[in-house]
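Below: the structure, in structure tokens.
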Amino acid sequence: MARRLLSAALVLAAVSSAAVPAGEASGRLQLPALTARSAIVVDAANGGVLFSKNPFLRLPPASTAKVMTVLLAVERLTPYRTVRISRNAAAASPSKAGLTVGAEYKAWDLIVAALVASSNDAAVALAEAVSGSEPEFAKLMNRRAEELGMRNTRFVNATGLTDKRRTQYSTAYDLTLLMRRAARDRRLDEAMGLLAWSFSGSDGRVIEVKSHNKMLWRTPKFVKGKTGWTFASRHTFVGTDYSPYKKIHFAMLSSTEPWDDIEELANFGLRQKAAHA
């Protein structure tokens with residue numbers, strides 16, 4: 001039954017692949033004007049496709065991959081479990097929180113740092129705590145992606161950083177599947193709306209991190225989500241927005257004007273009827 005439902009969703013999304021909104025016959029709504037090469041908006045209640053543009057195009061996900069990292073962390077670690085920081089984790093490339101080698105931090109603080117401030121050292125530390133090493137964790141990420149129906153996704157690390165030896169990719173459609181699952185966890189959903197977070201480890205040093213999601217300041221709406229950027233991926237985003245009557249998830253990949261694109265997608269999605277109710 002689950003496979004039949006997934007197939008129906010894929011067909012429905014494919015119909016919308018030419019950047020045409022589902023159910024839009026009157027032309028009263030202006031289509032989003034995007035710089036992103038790929039994007040999709042879905043109704044959170046039923047998965048109905050509201051808009052899509054090349055939703056199955058495989059592109060680098062950048063730090064949107066961390067949504068999978070934190071999802072696995074909350075599924076496998078208790079929030080108050082302590083995680084010791086290895087030299088490998090502390091040596092991760094920026095962005096990072098500046099975790100101390102050998103210090104211990106609560107798993108939840110690392111989850112928030114990875115999700116809110118895209119801290120690569122926190123993401124690697126979580127991967128090592130769950131699976132023993134980041135390569136083993138990447139295998140777990142891919143197994144979980146398959147369980148969620150993410151058919152066009154391949155993770156090679158916990159951070160989303162570019163790996164010159166191995167190709168890492170996802171699609172806008174797959175990222176909304178991931179977000180729909182992650183947002184069901186109340187803790188993760190709330191964390192994605194945090195502007196900042198402070199915490200300390202066993203060394204007593206206070207670390208403060210701030211959200212990379214400028215939409216939390218830019219608009220009066222509450223656009224939660226996970227940002228990403230590398231030279232290879234350009235700007236990426238997967239997130240959630242709300243109105244009194246609707247909740248949507250959306251994703252975009254390879255954008256040059258991310259905040260404008262996010263606003264276009266959110267505004268359109270909240271005004272559009274679902275492809276199927």
Check: [Y] main-chain N/O paired with [X] side-chain donor or acceptor under 3.5 Å:
| X | Y | value |
| --- | --- | --- |
| Glu134 | Val124 | no |
| Asp174 | Ser170 | no |
| Asp121 | Ala89 | no |

Indicate yes or no: does [X] engage [Y] in a salt bridge with an N to O separation below 4.0 Å.
| X | Y | result |
| --- | --- | --- |
| Asp109 | Lys106 | no |
| Asp189 | Lys224 | yes |
| Arg84 | Glu128 | no |
| Arg181 | Glu75 | yes |
| Glu147 | Arg143 | no |

Answer yes or no: is there a side-chain heavy-atom contact under 4.5 Å between [X] and [Y]?
| X | Y | answer |
| --- | --- | --- |
| Leu188 | Val74 | yes |
| Leu57 | Tyr173 | no |
| Arg234 | Arg37 | yes |
| Gln168 | Thr162 | no |
| Lys66 | Asn120 | yes |

Derivation and outcome, side-chain contact (heavy atoms from CB on, under 4.5 Å), residues His212 and Ser95: CA-CA 10 Å; His212 288 190; Ser95 298; 3.4 Å; yes
statement: Value for CZ (Phe155) from CG (Asp163), rounded to nearest 0.5 Å, stands at 14.0 Å
- request: Quick one: pull up NE2 in His235 and OG in Ser63 and give me the separation to the nearest 0.5 Å.
  value: 12.0 Å
query: Do Leu178 and Val238 pass the side-chain contact (heavy atoms from CB on, under 4.5 Å) test, and can you show the C-alpha distance, the side-chain angles, and the key distance before you say yes or no?
result: CA-CA 9 Å; Leu178 175 59; Val238 60; over 6 Å; no
field: Output field: ring centroids Phe250/Phe51 closer than 6.0 Å
entry: no
For the [atom1] atom on [X], are there more than 12 heavy atoms of other groups (residues, nucleotides or ligands in this structure) within a distance under 6.0 Å?
| X | atom1 | answer |
| --- | --- | --- |
| Glu146 | CD | no |
| Glu208 | CD | no |
| Lys210 | NZ | no |

message: Test side-chain contact (heavy atoms from CB on, under 4.5 Å) on Gln30 and Phe268; report intermediate values, then the result.
response: CA-CA 8 Å; Gln30 184 176 351; Phe268 184 88; over 6 Å; no
message: Could you tell me if Thr100 and Arg205 have a donor-acceptor pair between their side chains, going purely by distance under 3.5 Å?
response: yes
